[in-house]
Amino acid sequence: MIDKDLIHIGVPMFLDFISEVELLLTGALDRCGYKVEEGVNNLGLDLCPHADLASSVAFRLAPVLKKSPVAIAKEIHQAISPEYKYVERVELAGPYLNFYMSRLFLNAVLARALADNAWTGRMTEKVIVEHTSANPDGPLHVGHIRNSVIGDTLVRILRRAGCTVDAEYYVNDMGRQEAMVVVGCDHFQLDGSKADHAIARVYIAANKEMETNPGIRAEADQVILRYEAGDPEITAKIQSAVKYAIGGIEETLHRMNIRHDSYHWESEFVRNGSVAEVVGLLEKTGLTEWEDGAYQLDLNNYGFEKKMVLKRTNGTSLYITRDLAYHRWKSANSDRSVDILGADHKLVSGQLRTALRLLDVREPEVVIFEFVSLPTGSMSTRKGKFISADELIDEVEKQAFEEVKTRRPEESEDFLREVARQVAQGAVRYDVVKVSADKATTFDWKQALDFEKLSAPFIQYSHARACSIIRKGDQTHQTPEQEIQEFQADLLTGENEVALIKKIAEFDLIIDRAARELKPHHLATYARELAECFNHFYRFSPVLDAAPELRDARMALARAARNALRTTLETLGISALETM
RNA sequence: GGGCGCGUGGCCUAGUCCGGAUAAGGCGGCAGCCUCCUAAGCUGUAGAUCGGGGGUUCGAAUCCCCCCGCGCCCGCCA
């Protein structure tokens, strides 16, 4: 039987196991009269293959105490209090101290994983995550979606960690790019294709036209000037073009299971006076000056060679100035604000943060991702050189459809289409999120269309297998509630079973880390490991054919694994398909 | 030229922040497993001077310095 009280005490997960180990270690160190320096991980705790948690603290003490690490570890080991709950035993392995999880802990993890809403972290901050924010001058391409997927996954991770998150899209309606779109609309006809693609066509055409017709540039300048002045005709034109493009972009985002909670147009901050206000505040720093007819901020003392231009010669504002106002607003309306930006924004986001510091405004946490390029070179919307997200999703869906059709030929067309859609959505997201943001990548069709182990379908498939077992088990046996009450968790002693429970326990640690470090790829790695653990369990621990009591225990584990897989997939924004 | 980032088996990547016990996966090779809960799965096998060189340390893929290669940036664009 599982200890039902544990469910109510709540949260017996990996972080609690770690807490207990820390308590045991610091207690033992005290008793020995040893002191470790303050610092991150000063107890030398580490996940490793030899133990559930290992400490190399003896190495750190050795130079100070002038004793061998082995001798120190031995002393600490002997001084460790025998009173523990989640720890089963502490082993001395030379200079290392190895901690192992107790049965009580494993059973508690299982109980928790079986409960509803088992995984909500303890963070309480209000967080604004700004992501995507692509210019409304064309469709999202395979570079943009790195921003979208990283951003949306972080939104989900932060929510899972307990935060209240607002996902925001910052719309660049005042920039030169949008002015070019309006000029493009004046000279060329929007065709009937998907809105964002149609906008891209006139935008590309206008840029091409500009090569031979310098008048185009002047027209764009006029648009910028008149929009900033609030000219109603231009305002109507820009608003309709922006809304049209954003509509198409949203459609693409929805295909990837991505939604924003709010949109902020940069013009909003010009119209409500906060851009002017920010410029005024910067003036008080004494670092601003008029140079070459433009209003500039000198950040030379802060390591920036180039001055930051706040206003053009013709008086209009620039992206960075408007962004400053937006960030001031974000900081005032959140406890944490996070920006997802491409590598080309490194310098400018540094300038932005410096300027905010001067204004005594909390800086955003900036997640920079490196570029996605094509085998033929870098992408450019302006030059029409890109693979659109829509094209990618279409291809992946087509491939997924063929795969499902081969495996489930008896199923209806609707079923195949729906599974293919959700597999494709997951495949695209996982393919992006699995790589660390600071790695530059080259887009590869072969890899995008690979549905094997290092992919979303692998994880979705594990989940579907768990569901299949549960479905079959429920048909022949009692209700889920009864099973949860009655199974004997202590029977789950197989190597694969224990490994699976431990992997399930790790979830809160991964979420906590990913939420603090803003590294969504940790969760992608975890998802693969969890699926792998489940597949081993599936392969080596038959559930339905096991003896009755073992069968019930394994059913419970299958259910716990299903919950963990489902939660992990949902946090990655990937559909947890029950059959595929 | 300067700044930032990256360099891990043939290819793609995790591990690097916070140094610890045999460098972990995938793709592709090779050899196996469907009268057995969905084979989008599982098992085994071959394959790595962790870009190069110095340094710090009891210990370096991880920290420091130099060099090489690749990417991004250095607009009154965003």
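Below, read A as the first sequence line, B as the second, and so on, with proteins coming before strands; counting in each chain starts at 1. Everything numeric in this text was worked out from a predicted model, so none of it was measured.
- Nucleotides B:rC12 and B:rC17 are separated by 24 Å at their P atoms, to the nearest Å.
- Nucleotides B:rC30 and B:rU13 place their C1' atoms 23 Å apart, quoted to the nearest Å.
- A:Arg322 and A:Asp173 are not joined by a salt bridge, as no carboxylate oxygen comes within less than 4.0 angstrom of a charged side-chain nitrogen.
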Distances for protein N/O vs nucleotides 27-29 of chain B N/O pairs under 3.5 angstrom?
from	atom 1	to	atom 2	distance (Å)
B:rC27	OP1	A:Glu452	OE1	3.1
B:rC27	O2'	A:Lys446	NZ	2.9

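- By the 4.0 Å N-to-carboxylate-O rule, A:Arg176 lies close enough to A:Asp221 to be salt-bridged with it.
- The base-pairing partner of B:rC4, taking Watson-Crick or G-U wobble contacts with both distances under 3.5 Å, is B:rG71.
- A salt bridge links A:Lys503 with A:Glu506; the closest basic N to acidic carboxylate O contact falls under 4.0 Å.
- With salt bridges taken as basic N to acidic carboxylate O contacts below 4.0 Å, one links A:Lys346 and A:Glu370.
- We find that OH of A:Tyr203 is positioned 11 Å from P of B:rA78, with the value rounded to whole Å.
- Comment: A:Arg516 engages A:Asp512 in a salt bridge, judged by a side-chain N to carboxylate O separation of less than 4.0 angstrom.
- Between A:Glu418 and A:Arg421 there is a salt bridge, since at least one side-chain N of the basic residue sits less than 4.0 Å from a carboxylate O of the acidic one.
- Within the structure, every pair that satisfies the ring pair (Phe, Tyr, Trp, His ring centres under 6.0 Å) test and touches residues 45-70 of chain A, not counting sequence neighbours, is listed here: A:Phe59-A:Tyr96.
- B:rA14 is unpaired under the Watson-Crick or G-U wobble criterion, no partner having all donor-acceptor distances under 3.5 Å.
- Rounded to whole Å, atom P of B:rC37 lies 15 Å from atom CG of A:Asn535.
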Give every pair of a protein N or O atom and an N or O atom of nucleotides 50-52 of chain B that lie under 3.5 Å apart, one pair per line with the distance.
none

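- The CZ-C1' distance, from A:Arg176 to B:rC76, rounds to 9 Å in whole Å.
- To the nearest angstrom, P of B:rC76 lies 8 Å from CG of A:Leu318.
- Positionally, the nearest nucleotide of RNA chain B for A:Ser56 lies more toward the 5' end than for the other of A:Ser56 and A:Ala294.
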Can you tabulate the close N/O pairs, meaning under 3.5 Å, that link protein atoms to atoms of nucleotides 30-35 of chain B?
none

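- Salt-bridge formation is not detected for the pair A:Lys398/A:Glu402: no Lys NZ or Arg NE/NH1/NH2 atom is positioned less than 4.0 Å from an Asp or Glu carboxylate oxygen.
- Atom name P, nucleotides B:rG15 and B:rG25: the rounded distance is 15 Å, in whole Å.
- Because its NZ or CZ atom is not both nearer than 6.0 Å to the ring centre of A:Tyr203 and within 45° of the ring axis, A:Arg382 does not count as a cation-pi partner of that residue.
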Given the rule in the side-chain hydrogen bond (donor to acceptor under 3.5 Å, both in side chains) test, do A:Glu228 and A:Thr316 qualify, once you have shown the distances and angles that lead to the verdict? CA-CA 7 Å; A:Glu228 184 119 357; A:Thr316 54; 4.9 Å; no

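- Pairing for B:rU45 goes to B:rG29, judged as Watson-Crick or G-U wobble with the two contacts each under 3.5 Å.
- B:rG9 and B:rG47: their C1' atoms are spaced 5 Å apart (whole Å).
- Nucleotides B:rU62 and B:rC33 have their P atoms positioned 43 Å apart, rounded to a whole Å.
- Contact record, A:Ile469 with A:Ala558: CG2-CB, 4.4 Å, taken as the closest heavy-atom pair.
- Side-chain N/O atoms of A:Asn98 and base N/O atoms of B:rA21 include a donor-acceptor pair closer than 3.5 Å.
- Spacing between atom CZ of A:Arg465 and atom P of B:rC42 amounts to 7 Å, rounded to whole angstrom units.
- For A:Tyr430 against A:Ala524, the heavy-atom pair with the smallest separation is OH-O, 2.6 Å.
- Nearest-nucleotide assignment on RNA chain B puts the 5′-proximal partner with A:Pro69, out of A:Pro69 and A:Arg312.
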Nucleotides 12-19 of chain B: protein proximity per nucleotide (B base, S sugar-phosphate only, - neither; heavy atom, under 4.0 Å): S-SS-BB-

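- With a cut-off of 3.5 Å on both pairing distances, the Watson-Crick or G-U wobble partner of B:rC58 is B:rG20.
- Atom-to-atom, CZ of A:Phe534 to C1' of B:rC42 comes out at 13 Å; the value is rounded to the nearest Å.
- Here B:rG71 is the nucleotide among B:rA78, B:rA21, B:rG71 with the atom lying nearest to any side-chain atom of A:Phe371.
- Annotation: cation-pi pair A:Arg465/A:Tyr538 present, NZ/CZ under 6.0 Å from the ring centroid and within 45° of its normal.
- Put simply, A:Tyr538 has a side-chain N or O that comes within less than 4.0 Å of OP1 or OP2 on B:rA39.
- Residues A:Lys307 and A:Glu289 are paired through a salt bridge, judged by an N-O separation under 4.0 Å between the basic side chain and the carboxylate.
- Rounded to whole Å, the separation between the P atoms of B:rG28 and B:rC70 comes to 30 Å.
- Across all strands shown, A:Lys346 has heavy atoms under 4.0 Å from base atoms, whether or not it also approaches the sugar-phosphate.
- The partner of B:rC37 is absent, by the rule that a Watson-Crick or G-U pair needs both atom distances under 3.5 Å.
- For the pair A:Arg408 and A:Glu410, the salt-bridge criterion is met [side-chain N within less than 4.0 Å of a carboxylate O].
- Remark: P of B:rC37 and CD of A:Glu578 are 20 Å apart, rounded to the nearest angstrom.
- Closest to the side chain of A:Ala93, out of B:rA21, B:rC4, B:rC42, is B:rA21.
- Only the P atoms considered, B:rC68 is 45 Å distant from B:rG44, to the nearest whole Å.
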Show me the donor-acceptor pairs, under 3.5 Å and distance only, between side chains in residues 60-72 of chain A and residues at least two apart or in other chains.
from	atom 1	to	atom 2	distance (Å)
A:Arg60	NH1	A:Asn41	O	3.4
A:Lys67	NZ	A:Tyr34	OH	3.0
A:Lys67	NZ	A:Glu75	OE2	3.1
A:Ser68	OG	A:Ala71	N	3.1

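- Distance A:His50 NE2 to B:rU22 C1': 7 Å, rounded to the nearest Å.
- Between B:rG19 and B:rC64, the two C1' atoms lie 13 Å apart (nearest whole Å).
- Phosphate contact (OP1/OP2 of B:rC37, side-chain N/O of A:Arg554, threshold under 4.0 Å): absent.
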